[in-house]
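Small disclaimer: the values here were computed from a predicted structure and weren't measured. Every heavy atom of this structure was used, including side-chain atoms; hydrogens, water molecules and symmetry mates were not. Indexing begins at 1, ligand by ligand and atom by atom, following the structure's order.
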Amino acid sequence: MYKISLITGDGIGPELSESAVSVLETINDKLDLKFDITKLSAGDKALSEIGKALPDETVDVIKKSDACMKAPVGESAADVIVVLRRMLDLYANIRPAKSYPHMPALRDDIDMVIVRENTEDLYTGKEFSLGDSAVALRIISENASKRIAKYAFEAAKQRNSKKKVTCVHKSNVMRVTDGLFAKACTKVSKDYPDISFEQMYVDACAMNLIRQPQEFDVVVTTNLFGDILSDESSQVVGGLGMAPAANIGDNFALFEPVHGAAFDIAGQNIANPSSFLLSIKMMLDWLGTKHNDSKCFDVGQKLESTIFDLVKSGIKTKDIGGDKTTVEFTKQITDNL
Ligand code: ATP
């Protein structure tokens, strides 16, 4: 039995959470893998009701669980996810972008993953006013850079594809911070002679994601660049509705969609739950590795291929050219599981 903590979130978060719960319960019933799910509040609603975007009880339950699923939260996201990433030292943010059939994607042969450093850079919140200026500290350390580089090379080793790591930075302008990041990645690359290594400036990477996305395998980059590039890579393969993410540390992991709370479509039963459900697949793979539990890998594979087959057969939500509601699409998945 795996204990799963679930932050239900804001905007489309509660709808995605309903979908995730119904998939996890179906797995409980049909697939012989047990989950004990605890729903938790955090985000804008928690802030207005409890006075804290990340209530202490929520943190306590997360810490006692085996893994956390987090639906998107709204304006208070920085006080929830950025804090959790640092508090739990979830240093690797993994954002795959893969072509699925019958998607509004640029090409059908894209299979890449962005490995984003998750604890440093401009996202540490060290900002202040100084005279008539506003200052943000960009912190990049050698330790964190090497740690994320190592994660990226290990990921490249395990993937069946191109065995390539692209280190993305802007060291020609930010010579000290990105210079350090590039140097740390280069150093780590020497330990992986079988993986090819290249460096790319972030602006060139943004262009190449449109021009030749099929050339990428593993992209390793700093926090802010990773955030921006992963929205782009999601769109390249068909949109944010299909984009899952994992935040991984040495002892714990949290899974969430790449997208935000999408208030423009909240409460309309039209959100694509695939991003969150593919995050469950990432969670199952992580649990499988951590607990040496092959059942997790099998169920994760089954969940991904169920979503894959549905999309292939044209059963899709509106954002990717279909007409199914969130509830209808989820029901198809649970029926097919
Ligand atoms: P954030 O800054 O928190 O990342 P954002 O304002 O960039 O949020 P998102 O919530 O990430 O916006 O979404 C951008 C747009 O993509 C939304 O306006 C919405 O229309 C669409 N979108 C996002 N997620 C989904 C989804 N799961 N299903 C359908 N459409 C989505």
Side-chain angles (χ1 to χ4, degrees), residues 6-23 42-47 53-54 69-85 93-98 100 102-105 114 116 118 121-123 125 206 223-247 254-282 303-304 307 310-311 315-333:
L6 169 65
I7 293 175
T8 52
D10 303 309
I12 57 172
E15 294 162 77
L16 301 192
S17 297
E18 283 309 308
S19 171
V21 167
S22 106
V23 165
D44 298 356
K45 197 155 166 263
L47 183 62
L54 185 59
M69 296 286 309
K70 187 201 130 288
V73 299
E75 289 300 311
S76 53
D79 299 321
V80 179
I81 186 61
V82 179
V83 172
L84 281 171
R85 284 171 183 156
N93 192 333
I94 312 304
R95 297 185 158 188
K98 206 158 135 181
Y100 280 88
H102 298 271
M103 291 283 297
I114 293 184
R116 161 191 174 196
N118 223 7
D121 196 0
L122 286 164
Y123 282 27
N223 207 339
L224 174 65
F225 294 160
D227 196 7
I228 297 168
L229 293 174
S230 56
D231 263 35
E232 187 185 353
S233 61
S234 306
Q235 194 54 52
V236 163
V237 293
L240 285 166
M242 300 297 293
N247 299 270
L254 179 152
F255 302 84
E256 59 176 347
V258 167
H259 59 74
F263 287 106
D264 56 329
I265 56 166
Q268 296 175 38
N269 192 21
I270 56 170
N272 186 349
S274 304
S275 48
F276 206 30
L277 302 179
L278 290 167
S279 308
I280 295 181
K281 143 85 170 133
M282 293 183 85
L303 176 58
E304 186 183 36
I307 295 171
L310 273 183
V311 170
I315 295 174
K316 301 190 277 192
T317 45
K318 197 173 148 198
D319 58 309
I320 50 170
D323 61 0
K324 295 291 168 223
T325 65
T326 313
V327 171
E328 285 166 349
F329 187 73
T330 305
K331 179 149 188 338
Q332 282 285 342
I333 293 172

Modelled atom types, side-chain donor and acceptor of [X] and [Y], under 3.5 Å:
| X | Y | answer |
| --- | --- | --- |
| T8 | S17 | no |
| N269 | E15 | no |
| Y123 | D227 | yes |

Residue-level breakdown please: for [X] versus ligand 1, do any non-hydrogen atoms fall below 4.0 Å on the side chain, on the backbone, on both, or on neither?
| X | result |
| --- | --- |
| A261 | backbone |
| I270 | neither |
| D264 | side chain |

Looking at [atom], what's its closest protein heavy atom, distance included?
| atom | result |
| --- | --- |
| atom 14 (C) of ligand 1 | L240 CD1, 3.8 Å |
| atom 8 (O) of ligand 1 | G260 CA, 3.7 Å |
| atom 30 (N) of ligand 1 | I265 CD1, 3.5 Å |

Inset, instruction - Decide whether the shortest distance between a heavy atom of A77 and an atom of ligand 1 is less than 4.0 Å. - result: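 False for this residue.
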
Inset, instruction - Could you tell me whether E75 atom CD has more than 12 heavy atoms of other residues or ligands within 6.0 Å of it? - result: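 Check fails, neighbour count at 12 or below.
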
Look up [atom] and tell me if a protein heavy atom lies less than 4.0 Å from it?
| atom | value |
| --- | --- |
| atom 24 (N) of ligand 1 | yes |
| atom 5 (P) of ligand 1 | no |
| atom 20 (O) of ligand 1 | yes |

